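Okay, structure first, notes after.
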Amino acid sequence: MNAEDISAIKALLSTPKHIVIVCHKNPDGDAIGSSLGLYHYLKQYNHNVQVITPNTYPDFLKWVPGENHILKYDTQTEQSAALIAAADILFTLDFNAYHRTGTMAPALEASKAIKILIDHHQAPDDYATYMYSDVNICSTCQMIYHFIDMLNDTVLIGPEIATCLYLGIMTDTGSFRFRSTSSTTHRIIAELIDRGADNAAIHNDVYDTNSHNRLQLLGCALTNLKIHPEYRTAYITLSQDELYKFDYKKGDTEGVVNYALSLNNIIFAAIFIEDRQEGIIKISLRSKGKFSVNEFSRAHFNGGGHNNAAGGKSEISLEATVEKFISILPSYKDVLNDE
Ligand code: 5GP
Ligand code: MN
């Protein structure tokens, strides 16, 4: 985002507007944190602001300041569609292609609003009027901080914005341990604490609210873990029946794939989760080092994301999906052993 874009956006925001903020389907901490962080910022300028998510999000995000004002497109479609159609400005956060918003995509495509994209995923589509895209930044929440900074407004960051932005930086960096965590990230985090983010409380609210069933489901996932040392690869499966057995709730499988990646000498990890309702196998891929799961997912599983964290899906059975995955590994043997 250059100085010209910033002054154009500044001028745009200098009078009250109808603004809608949207994020990707199945919102995570970064999607919710960036949307609500920006929401609290724009509210201070008396804009009419609404956050709309394509669908709901896990219970461990149902405490974030402002979360109770979010509209969900799948269950509040009419109201959401009307607001999108009437918006002057549409912020699209933490995704860069309309299809990532599921059934909300046609409403976004039809919108005549000025579109501002802020996102850190690879290969953005070309739909935005103003685009702030940077794959080297750990989280969209950090980009919202930079965005507010470019508008010379960090003084407006109070406890609510600080909490929202801390949340997404924390979740997208695996609590500040992934390679995307820079010294700048830590400096911003320090400032967010100074501006009122209660770091210990945020960690507690997100990570220490497990149900007994969720831990049992994790036990099941770890029992299903398989390792292919010759490809430095490990994967986990969870069938729909296993999810039912442990009373699966949205968000219960978040982070489980990282256990596979934590194994000694493993640099490529996957989890395959059966979703009978959608008729798909949801796939999460993680890697360490140069091996790009973004490219792997784009090539084989209809998805994408970042170099070291990507998602995808498959429309064949769980067993057939795993078989396909294993059959692809030999063609990556050299790359996977070249780390
Ligand atoms: P997760 O495995 O946690 O669902 O996703 C990992 C990363 O890849 C996230 O940043 C997510 O936004 C992205 N991602 C997940 N699924 C897809 C997909 O189907 N397509 C694309 N382009 N990105 C995805
Ligand atoms: Mn993100």
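Each ligand, and each atom within it, is numbered from 1 in the order the structure gives. Bear in mind the structure is a predicted one, so any value in this text is a computation, not a measurement. These values consider heavy atoms only, across backbone and side chains, with no hydrogens, waters or symmetry-generated copies.
A salt bridge does not link Glu191 with Arg187: none of the charged nitrogens is closer than 4.0 Å to a carboxylate oxygen.
Protein heavy atom at the shortest distance from atom 3 (O) of ligand 1 is Arg286 NH2, 2.9 Å. The protein heavy atom nearest to atom 7 (C) of ligand 1 is Ala309 O, 3.6 Å. Counting protein heavy atoms only, atom 4 (O) of ligand 1 is closest to Lys282 NZ, 3.5 Å. Nearest protein heavy-atom neighbour of atom 9 (C) of ligand 1: His121 NE2, 3.7 Å. Looking from atom 24 (C) of ligand 1 to the surrounding protein, the closest heavy atom is Gly304 O, 3.1 Å. In terms of protein heavy-atom proximity, atom 16 (N) of ligand 1 is nearest to Gly311 CA, 3.3 Å. Regarding atom 19 (O) of ligand 1, its nearest protein heavy-atom neighbour is Gly303 CA, 3.7 Å. The nearest heavy-atom contact from the protein to atom 18 (C) of ligand 1 is Arg100 NH1, 3.7 Å.
Distance alone, capped at 3.5 Å, places no donor-acceptor pair between the Lys282 side chain and the Phe272 backbone. Checking side-chain atoms of Ser35 against main-chain N and O of Ala31 turns up a donor-acceptor pair under 3.5 Å.
Under a hydrophobic clustering in which Ile, Leu, Val, Met, Phe, Trp and Tyr are joined whenever their side-chain heavy atoms come within less than 4.5 Å, directly or via other members, Leu13 and Ile144 fall into the same cluster. With hydrophobic clusters built from ILVMFWY side chains whose heavy atoms lie under 4.5 angstrom apart, Leu225 does not share a cluster with Phe325. Residues Leu61 and Ile70 share a single hydrophobic cluster, defined by chaining ILVMFWY side chains whose heavy atoms lie under 4.5 Å apart. Neither Met131 nor Ile19 shares a network with the other; the hydrophobic side chains, linked directly or stepwise wherever heavy atoms of I, L, V, M, F, W or Y lie under 4.5 Å apart, form separate groups for each.
If you count the protein N, O or S atoms nearer to the Mn ion (ligand 2) than 2.8 Å, you get 4.
Distances from ligand 1 to the non-hydrogen atoms of Gln122 include no value under 4.0 Å.
For Tyr207, the side-chain contact (heavy atoms from CB on, under 4.5 Å) partners at least two apart in sequence or on another chain are Met170, Thr171, Ser175, His203.
To the nearest 0.5 angstrom, Leu329 atom CG is 5.0 Å from Thr233 atom OG1.
The neighbour count for Asp126 CG, taken as heavy atoms of other residues, nucleotides or ligands under 6.0 Å away, does not exceed 12.
Per-residue contacts place Ala310 under 4.0 angstrom from the following atoms of ligand 1 (heavy atoms of the residue considered): 2 (O), 6 (C), 7 (C), 8 (O). With ligand atoms numbered from 1 in the order given, ligand 1 contributes 1 (P), 2 (O), 4 (O) to contacts under 4.0 Å with heavy atoms of Ser284.
At a 4.0 Å heavy-atom cut-off, ligand 1 touches His306 through the side chain alone.
Counting only heavy atoms from C-beta outward, the side chains of His69 and Tyr39 approach each other to under 4.5 Å.
Remark: aromatic rings of His47 and His18 are distant, center separation not under 6.0 Å.
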